[in-house]
Student: 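Here it is, the structure in full.
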Amino acid sequence: MILAKIGRFSLRPSPIVSSGSAKWFASGHNYVTVEPDSEMDNVAIVKMQKKPFNVLCTDMLQQLTTTFQELPKEKKYKAAILTSNIPGVFSAGLDIMSVYGRTSDEIYSFAMDIQNAWIALYGNPMITVAGINGTSPAAGCLLALSCDHRIMAEGKFGIGFNETKVGFVPRFWMKNTMQNVIGFRKTEKALQEGTLFTPSQAKEIGLVDVVAPMDQIIPSCRDFIKQYLKLPYGPRSMTKQMLRQDTIKQLKSAMKEDAEASALYLSDPAFQKVLGSYVAAMSEGKA
């Protein structure tokens, strides 16, 4: 869940090409933009753009929540593509500085923000596709798994839950999200080992559906959406929500307890010491 060591996978962002799109949010930091797709008017392209690595801080999580709560209310949109405006990295996971040196109450609030963002995306009635145009560990992987379909770029990128390698235990609903996609046994191994999969490995185990050249990510997302738009929107949407409601209800029935458990664990002095060592290593360019 936390921004973690990436190892051999690239986290070097490529230059951003300005799209000239209007920002979704009128004030403050605009870490998320929404624009109509240039070829499909009923498709919204949601871009994360928090330099350099799209780490998920409080503001970004709240903007993602608002975006995926509000988009279904826009009658023109039937589908959304979630991608990054920083090619080379989809999202490096949660912002470690939103946890390190924070009080238990602050971490509790942050944990609630994570939960709300996941619910807004995982339970979204629209057709959602993750255009994974770069490395996507930890909570970045969670965002991708929460979509209906995942298309990942070819290259030296990694995707997966690598929490155990920095001493963190994934929450039960994160585990369930992965398990619902790739099954129990593959999830069991992946989570215990904290594995980051290459694009081809991720495709092999079903973690992503398609691996494509970087310049074909959005076109491939459109191809999937075109097929799903042939289905009756209402029945498809209701079926999706029916299939996902048990996983969502499990968290909703224990949101406070889950956030409290996260706050207790992450604010523990022993864990904060581990984070402190990691933050120091990051500042020295060793992590």
Side-chain angles (χ1 to χ4, degrees), residues 1-4 32 46 48 55-72 80 82 91 93-95 98-99 102 104-128 130 136-150 159-164 166 168-184 186-188 190-192 194 207 237-268 271:
M1 186 169 85
I2 296 169
L3 175 61
V32 178
V46 180
M48 299 177 285
V55 292
L56 302 173
C57 62
T58 293
D59 285 348
M60 190 167 180
L61 286 166
Q62 292 178 352
Q63 289 177 24
L64 284 169
T65 300
T66 299
T67 296
F68 284 103
Q69 286 175 341
E70 295 300 319
L71 271 177
L82 176 63
S91 170
L94 297 181
D95 180 12
S98 295
V99 175
R102 304 292 181 173
S104 179
D105 287 345
E106 288 172 327
I107 297 174
Y108 173 87
S109 178
F110 185 60
M112 293 291 285
D113 288 331
I114 302 163
Q115 294 172 341
N116 288 327
W118 173 77
I119 290 171
L121 181 54
Y122 191 71
N124 200 281
M126 301 172 68
I127 302 164
T128 56
S136 185
C141 178
L142 179 68
L143 291 178
L145 284 171
S146 299
C147 294
D148 300 326
H149 195 71
R150 284 155 293 282
I159 185 170
F161 286 162
N162 55 342
E163 282 82 349
T164 57
V166 290
F168 185 81
V169 179
R171 308 308 303 161
F172 71 89
W173 49 276
M174 299 177 185
K175 178 270 296 183
N176 289 348
T177 304
M178 176 176 273
Q179 184 177 322
N180 290 347
V181 174
I182 65 173
F184 180 83
K186 291 175 183 175
T187 299
E188 182 179 49
L191 293 188
Q192 289 188 67
L207 189 62
S237 177
M238 289 187 285
T239 300
K240 171 184 174 178
Q241 292 178 299
M242 177 267 292
L243 289 166
R244 297 188 175 200
Q245 67 179 348
D246 288 346
T247 305
I248 293 172
K249 284 181 178 179
Q250 190 176 4
L251 173 59
K252 283 188 172 181
S253 66
M255 287 184 72
K256 180 179 178 181
E257 293 82 357
D258 184 74
E260 288 175 343
S262 292
L264 180 65
Y265 182 81
L266 296 176
S267 63
D268 182 85
F271 185 77

Student: Check the pair Leu191, Met174 against side chain to side chain contact (heavy atoms under 4.5 Å, CB included), reporting the backbone distance first and the verdict last.
Tutor: CA-CA 10 Å; Leu191 293 188; Met174 299 177 185; over 6 Å; no

Student: Side chains of Thr177 and Trp118: is there a donor and an acceptor less than 3.5 Å apart?
Tutor: yes

Student: How long is the gap from OG on Ser262 to CD1 on Ile114, to the nearest 0.5 Å?
Tutor: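 So the gap between those two atoms works out to 7.0 Å.
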
Student: Measure the shortest side-chain to side-chain distance between Leu94 and Val55 over non-hydrogen atoms and say whether it is less than 4.5 angstrom.
Tutor: no

Student: I'd like to know whether Tyr122 forms a side chain to side chain donor-acceptor pair (under 3.5 Å) with Asn180, so could you lay out the CA-CA distance, the side-chain angles of the two residues, the decisive distance to 0.1 Å, and finally the verdict.
Tutor: CA-CA 12 Å; Tyr122 191 71; Asn180 290 347; 3.0 Å; yes

Student: Does the side chain of Pro125 reach to within under 4.5 Å of the side chain of Lys240, using non-hydrogen atoms?
Tutor: no

Student: Can you find a pair of side-chain heavy atoms, one from Phe68 and one from Ile119, that are under 4.5 Å apart?
Tutor: no

Student: Suppose we screen for side chain to side chain donor-acceptor pair (under 3.5 Å). Which residues come up paired with Ser267, at least two apart in sequence or across chains?
Tutor: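 Ser267 satisfies side chain to side chain donor-acceptor pair (under 3.5 Å) with no residue once adjacent residues are dropped.
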
Student: Go through Ser109 and Glu106 one step at a time and tell me if the side chain to side chain contact (heavy atoms under 4.5 Å, CB included) criterion holds.
Tutor: CA-CA 5 Å; Ser109 178; Glu106 288 172 327; 5.8 Å; no

Student: Provide the closest heavy-atom pair for Asp113 versus Thr65 in the form atom of the first, atom of the second, distance.
Tutor: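 The pair with the smallest heavy-atom distance is O-OG1, 4.3 Å.
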
Student: Would you mind writing out the side-chain donor-acceptor pairs for residues 251-259 within the sub-3.5 Å range, not counting sequence neighbours?
Tutor:
residue: Ser253; atom: OG; partner: Lys249; partner atom: O; Å: 3.2
residue: Ser253; atom: OG; partner: Gln250; partner atom: O; Å: 3.0
residue: Asp258; atom: OD1; partner: Arg171; partner atom: NE; Å: 2.9
residue: Asp258; atom: OD1; partner: Arg171; partner atom: NH2; Å: 3.2
residue: Asp258; atom: OD2; partner: Gln115; partner atom: NE2; Å: 2.9
residue: Asp258; atom: OD2; partner: Trp173; partner atom: NE1; Å: 3.0

Student: Can you confirm whether Cys57 sits close enough to Met60 that some side-chain heavy atom of one is under 4.5 Å from a side-chain heavy atom of the other?
Tutor: yes

Student: Rounded to the nearest 0.5 Å, what separation is found between the CD atom of Glu188 and the CD1 atom of Ile182?
Tutor: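 Those atoms lie 11.0 Å apart.
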
Student: Please round to the nearest 0.5 Å and tell me the distance separating atom CG of Leu207 and atom CG of Leu145.
Tutor: 5.0 Å

Student: What heavy-atom pair brings Ser104 and Ala263 nearest, and what distance separates the two atoms?
Tutor: O-CB, 3.5 Å

Student: Give the minimum heavy-atom separation between Gln179 and Thr187, together with the two atoms involved.
Tutor: CA-OG1, 3.2 Å

Student: Please report the shortest heavy-atom distance between Ile107 and Val99, naming the atom on each side.
Tutor: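 Closest heavy-atom pair between Ile107 and Val99: CD1-O, 3.7 Å.
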
Student: Which heavy atom of Val181 sits nearest to which heavy atom of Arg150, and what is that distance?
Tutor: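 Looks like CG1-NH2, 3.7 Å.
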
Student: Measure the spacing between CD of Gln69 and CG of Asn116 and express it to the nearest 0.5 Å.
Tutor: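 That separation rounds to 7.0 Å.
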
Student: Would you compute the distance between atom CE of Met112 and atom OG1 of Thr58 and round it to the nearest 0.5 angstrom?
Tutor: 12.5 Å

Student: Test side chain to side chain contact (heavy atoms under 4.5 Å, CB included) on Leu266 and Phe168 and set out the steps.
Tutor: CA-CA 8 Å; Leu266 296 176; Phe168 185 81; 3.3 Å; yes

Student: So how far is it from Cys141 SG to Met178 CE, rounded to the nearest 0.5 Å?
Tutor: 4.5 Å

Student: Of all heavy-atom pairs between Ala139 and Leu56, which one has the smallest distance, and what is that distance?
Tutor: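 Closest heavy-atom pair between Ala139 and Leu56: CB-CD1, 3.7 Å.
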
Student: Are Leu64 and Met48 packed together at the side-chain level, in the sense that at least one heavy-atom pair is separated by less than 4.5 angstrom?
Tutor: yes

Student: Val46 vs Thr128, test: side chain to side chain contact (heavy atoms under 4.5 Å, CB included). Steps then yes/no.
Tutor: CA-CA 10 Å; Val46 180; Thr128 56; over 6 Å; no

Student: Taking C-beta and beyond as the side chain, do Pro137 and Ile159 meet within less than 4.5 Å on heavy atoms?
Tutor: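 A side-chain contact is absent here, since even the closest heavy-atom pair is not under 4.5 Å.
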
Student: Quick check: does any side chain N or O of Arg244 sit under 3.5 Å from a backbone N or O of Ser146, one acting as donor and the other as acceptor?
Tutor: yes

